[in-house]
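So the structure is just underneath, and the comments pick up after that.
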Protein chains: 2
Amino acid sequence: MSDQEAPYSVLDKERQKEMEGSLDDNGSAADSRVTELQLGKRVKEIRLSHNLTLEEASRRTGLARSTLSKIENEQISPTFQAVQKLANGLNIDIPQLFATAKESRCAGRRDITRAGQGRVHPTPTYEHEMLASQLTNKQMLPYRSIVRSRSFDDYPSWVRHDGEEFLLVLSGKVRFYTEFYEPVDLEAGDSSYYDGGMGHALVSISEEDAEVLWVTST
Amino acid sequence: MSDQEAPYSVLDKERQKEMEGSLDDNGSAADSRVTELQLGKRVKEIRLSHNLTLEEASRRTGLARSTLSKIENEQISPTFQAVQKLANGLNIDIPQLFATAKESRCAGRRDITRAGQGRVHPTPTYEHEMLASQLTNKQMLPYRSIVRSRSFDDYPSWVRHDGEEFLLVLSGKVRFYTEFYEPVDLEAGDSSYYDGGMGHALVSISEEDAEVLWVTST
DNA sequence: GAATAAAGTTTCCTATTGGAAATTTTTGTT
DNA sequence: AACAAAAATTTCCAATAGGAAACTTTATTC
């Protein structure tokens, strides 16, 4: 093959490879923590653990051998489409792919929120105090709320969201409306667990505004 | 981060009126189209729920406005790199991005537990009352516990388990021991969020046994 | 309602990806 | 060791993503 005059010399290659290690920059706000590295390695691991050749993997995923090779060697950043084909073809679900890349499960994170020191977020019907708001990427979102609403009519429509929700009444008394059930009155100490996708709403029915704790799963 | 910028609004669910239906899967894991369609929509949802403009999002993620727009409108398939910047910049973890498609079970489950009516499960150090125990297959496990322990020595070893844990002190006062931090005293209303894999233990330090609420993610 | 500003989309161009085929590396056989 | 076969990598080029700026749409103000 050509040697001295080729525009892409071996030297260039080496240099490129080195730079590959940390391709996060753009000094802007994004916290580009180095979560990168893993993907290619991970894919290779999985492929090998299934005892597949690139050829086979190519057949199953619909991606070219060459493309797979490049992905495994971190030479390219596959498009989302490609990632999906990969995941489908190799029978891995995407979260799994990133599970390792993301970070180890046995972290030692801890966040403490003193009473009343959460980040407050008011709405017409509730006054929410986000707890543990320092910690990001949580699996659950806890918040303590004061139920301002005094009538079901305060709600233009059902409140809905992804995930599941746990509710505990801390003080006062509320009426708990849900889309598929009769309303129920809950007092301090009563709790409920329900699907967030089901419409729901709370109304204070005690002298003072009731206080509740919510934990939502993501 | 974590300041006066748009408060994390998982709470702005009010505006999340529609849950899209209609995903035609052909059962097998072969077709990638299904999830593909979701990505843009999902990103847009998330961006809006954080009350961000494309401009803002661009600043945070380091991706161009135009690129973000194209992604949201499914005009391009972002590279993995781009997806990562997205996830970092918008503070979402990647699995969450992909979670949509399969989560189409907008069930309407609900379980109510009256104060003191949970299923009790005593241990030497705690007296646990499982809440919502009627409901199985939950993503979270809530329980209210009385902290019997009076000394750290009551614990033969650290308590550890999978997932993450949210802790709220309901009454009394506890000392919160963790594997990687100095012990902290918590009073009624104080809360903490931490990784279950990190050793932890509670000890009552008030006159009466303290009462706490725990929610563990699975 | 026109004028202005802000948010979002499209265009145009460069940089990068993805695939077919050539090349190199690895593995197995005599 | 030499050869052949299989697997992996690299090259080259067409197709596509990403970014800057032009443009269109949607709010906001006078």
Side-chain angles (χ1 to χ4, degrees), chain A residues 1-17 19-20 22-30 32 36 39-90, chain B residues 5-6 15 32-33 36 39-90:
Chain A
M1 62 112 82
S2 66
D3 30 329
Q4 64 275 58
E5 87 289 51
Y8 304 128
S9 71
V10 175
L11 188 64
D12 283 332
K13 283 260 137 57
E14 286 309 325
R15 183 149 28 132
Q16 187 182 349
K17 199 148 221 168
M19 289 162 60
E20 213 85 67
S22 58
L23 30 84
D24 64 304
D25 59 307
N26 90 48
S28 62
S32 318
E36 319 267 2
L39 184 67
K41 231 173 23 188
R42 188 108 182 92
V43 170
K44 188 164 193 173
E45 264 173 39
I46 293 173
R47 177 173 65 81
L48 291 179
S49 80
H50 289 228
N51 270 77
L52 298 176
T53 70
L54 282 180
E55 181 67 38
E56 260 294 302
S58 165
R59 213 179 45 66
R60 295 202 192 185
T61 59
L63 291 167
R65 284 201 306 288
S66 53
T67 305
L68 290 171
S69 170
K70 289 173 197 165
I71 291 173
E72 291 188 353
N73 295 313
E74 319 269 4
Q75 289 178 17
I76 63 174
S77 171
T79 60
F80 183 66
Q81 241 178 13
V83 172
Q84 289 195 116
K85 288 186 186 175
L86 250 180
N88 283 329
L90 299 185
Chain B
E5 62 229 15
R15 66 183 55 195
S32 56
R33 287 298 173 298
E36 185 176 344
L39 182 68
K41 218 155 104 182
R42 188 101 183 105
V43 169
K44 188 165 193 174
E45 263 174 37
I46 293 173
R47 177 174 63 83
L48 291 179
S49 81
H50 288 231
N51 271 77
L52 298 176
T53 68
L54 283 179
E55 181 68 38
E56 261 292 303
S58 164
R59 212 179 45 67
R60 296 202 191 185
T61 59
L63 292 168
R65 274 208 313 289
S66 53
T67 304
L68 289 172
S69 171
K70 289 173 197 165
I71 291 174
E72 291 189 353
N73 294 315
E74 319 273 3
Q75 289 177 17
I76 62 174
S77 172
T79 60
F80 180 64
Q81 239 181 8
V83 172
Q84 288 196 118
K85 287 186 183 175
L86 251 179
N88 281 330
L90 300 185

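Just so it is clear, the model here is predicted, and its values are computed rather than measured. Just the heavy atoms: all of them, side chains too, but no hydrogens, waters or symmetry mates, feed the values below. In what follows, every chain begins at residue 1, and chains take the letters A, B, ... in the order their sequences are listed.
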Touch class at under 4.0 angstrom, heavy-atom based, for Leu54(B) against every strand present: base
Separation of dT16(D) C1' from Lys70(B) NZ (nearest whole Å): 10 Å
Touch class at under 4.0 angstrom, heavy-atom based, for Leu68(A) against every strand present: nothing
Value in whole Å for how far the C1' atom of dG18(C) lies from CG of Leu86(A): 12 Å
Touch class at under 4.0 angstrom, heavy-atom based, for Ser66(A) against every strand present: base
Side-chain (Arg65(A)) to main-chain (Leu54(A)) donor-acceptor, under 3.5 angstrom: no
Whole angstrom value for the distance that separates C1' of dA7(C) from CD of Glu72(B): 12 Å
NZ/NE/NH1/NH2 to OD/OE distance under 4.0 Å, Glu56(B) and Arg60(B): yes
Short side-chain N/O contact from Ser77(B) to OP1 or OP2 of dT16(D), under 4.0 Å: no
Touch class at under 4.0 angstrom, heavy-atom based, for Thr67(B) against every strand present: base
Distance, rounded to the nearest Å, where Ile76(B) contributes CD1 and dT16(C) contributes P: 15 Å
Ile71(B) vs Leu48(A), nearer the 5' end of DNA chain D by closest nucleotide: Leu48(A)
Spacing of Asn73(A) atom CG relative to dT24(C) atom P, expressed in whole Å: 17 Å
Under-4.0 Å side-chain N/O to phosphate OP1/OP2 contact, Arg47(A) with dA8(D): yes
Glu74(B) CD to dT10(C) C1', straight-line distance once rounded to whole Å: 17 Å
Salt-bridge present (Arg59(B), Glu55(B); N to O < 4.0 Å): no
d(CD, Gln75(B); P, dG18(D)) in whole Å: 12 Å
Sugar-phosphate only, base, or nothing, as touched by Thr53(B) at under 4.0 Å among non-hydrogen atoms: sugar-phosphate
Separation of dT16(C) C1' from Gln81(A) CD (nearest whole Å): 15 Å
